[in-house]
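Inspection log for the structure reproduced underneath, given as structure tokens.
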Amino acid sequence: MRSFPAILALGVIAFPLAPAQALTVLIDGDSLTTGSSFATGATWTSPLGDITFDGEFRNDVSDDDTVAAGASGASFDIFTENEPVGFAFSFDVDSITFLYGGNGGNITVEAFDVLGGLVDSFYQSSTANGQPAGPATLSGGGIRSLTWFDTGGGYAILDNIELTAGGSAAVPLPGAGLLMAGALAGLAGLSRARRR
């Protein structure tokens with residue numbers, strides 16, 4: 001009697017997985033569907049969950065470099081130098097991409113997990129004329145808050161903030177359950193035939 005190939009046994013145990021579909025939400029403050037209802041301490045219910053903002057909501061972008069990078073309309077700002085502001089999320093975020101600017105000073109942007117641990121950070125020593133204004137991306141599983149501050153001035157904005165969530169888990173490919181059921185049925189049939 002022939003023995004079953006090892007690959008057949010592995011095929012029964014390990015069925016194919018696909019990455020989960022990531023979802024994105026844009027926070028740009030220019031319409032109700034992207035967070036224009038934000039004010040200090042306000043909460044916006046996005047398709048991914050609740051987002052709370054504790055900084056200054058501005059009705060304009062007055063940094064030429066940030067405008068050149070693609071920012072327009074309303075933006076999110078600090079209150080004063082050395083005072084962090086930011087967003088809190090009721091859901092895990094995988095990555096955050098944003099435009100930034102300030103026309104002076106510097107900017108530090110930090111992402112934290114639910115326990116307050118630093119997940120990722122970004123720093124630019126100058127945001128004066130001619131400096132890059134993004135986009136920049138912070139990434140790492142389980143981001144629950146985003147803060148930023150400027151030690152050299154009272155104007156440091158973020159705009160066009162894109163959150164990506166839900167892409168870190170793996171899910172079975174469509175039909176993987178049927179493949180596994182078929183493999184198990186085949187093994188059961190072979191087992192019956194072997195007993196005869």
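FYI, the numbering just counts along the sequence from 1.
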Going from [atom1] on [X] to [atom2] on [Y], what distance comes out if it is rounded to the nearest 0.5 angstrom?
X	Y	atom1	atom2	answer
L48	L23	CG	CG	5.5 Å
T66	F98	OG1	CZ	11.5 Å
F89	S145	CZ	OG	7.5 Å
I157	D150	CD1	CG	11.5 Å

| note | Quick note, salt bridge (charged side-chain N to carboxylate O under 4.0 Å, His left out) partners involving residues 78-92, not counting sequence neighbours, are D92-R144
Report yes if the side chains of [X] and [Y] come closer than 4.5 Å at any heavy-atom pair, otherwise no.
X	Y	value
I143	I96	yes
D63	Y155	yes
V109	Y123	no
I27	W44	yes

Could you give the side-chain donor-acceptor pairs of residues 67-79 under 3.5 Å, partners two or more places apart or in another chain?
unit_1	atom_1	unit_2	atom_2	d
S75	OG	D60	O	3.1
D77	OD1	A156	N	2.8
D77	OD2	R58	NH1	3.3

| request: Go through the structure and list residues passing side-chain contact (heavy atoms from CB on, under 4.5 Å) with T137, not counting sequence neighbours. | output: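 Only S95, T97 meet the side-chain contact (heavy atoms from CB on, under 4.5 Å) criterion with T137.
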| Can you name the side-chain contact (heavy atoms from CB on, under 4.5 Å) partners of Q131, sequence neighbours left out? |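 Q124, S126.
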| task | Ignoring hydrogens and angles, tell me if any N or O in the side chain of D159 forms a donor-acceptor pair with the backbone of Y100 under 3.5 Å. | result | no
| said: Grouping I, L, V, M, F, W and Y whenever their side-chain heavy atoms are under 4.5 Å apart, do L99 and L146 come out in a common cluster? | reply: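 As far as the 4.5 Å side-chain criterion goes, L146 and L99 are not connected within one cluster.
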| request: Find out if a path of hydrophobic residues (ILVMFWY) with successive side-chain heavy-atom gaps under 4.5 Å connects I51 to L26. | output: no
Tracing side-chain links under 4.5 Å among I, L, V, M, F, W and Y, which residues wind up in one group with [X]?
X	answer
V114	L115
F112	L118
F149	none

| query | If you take all heavy atoms of D54 and G86, which pair is closest and at what distance? | reply |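 Smallest heavy-atom distance, with atoms named: OD1-N, 2.6 Å.
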| request: Return each pair, listed once, that meets side chain to side chain donor-acceptor pair (under 3.5 Å) where at least one residue sits in residues 105-122; pairs must be two or more places apart or across chains. | output: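 Residue pairs with at least one partner in residues 105-122: N106-T151.
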| message | Tell me every residue that passes side-chain hydrogen bond (donor to acceptor under 3.5 Å, both in side chains) with T43, counting only those two or more places apart in sequence or in another chain. | response | T52
| message | Suppose we screen for side-chain hydrogen bond (donor to acceptor under 3.5 Å, both in side chains). Which residues come up paired with D28, at least two apart in sequence or across chains? | response |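 Partners of D28 by the side-chain hydrogen bond (donor to acceptor under 3.5 Å, both in side chains) criterion, ordered by chain and then number, come out as T34.
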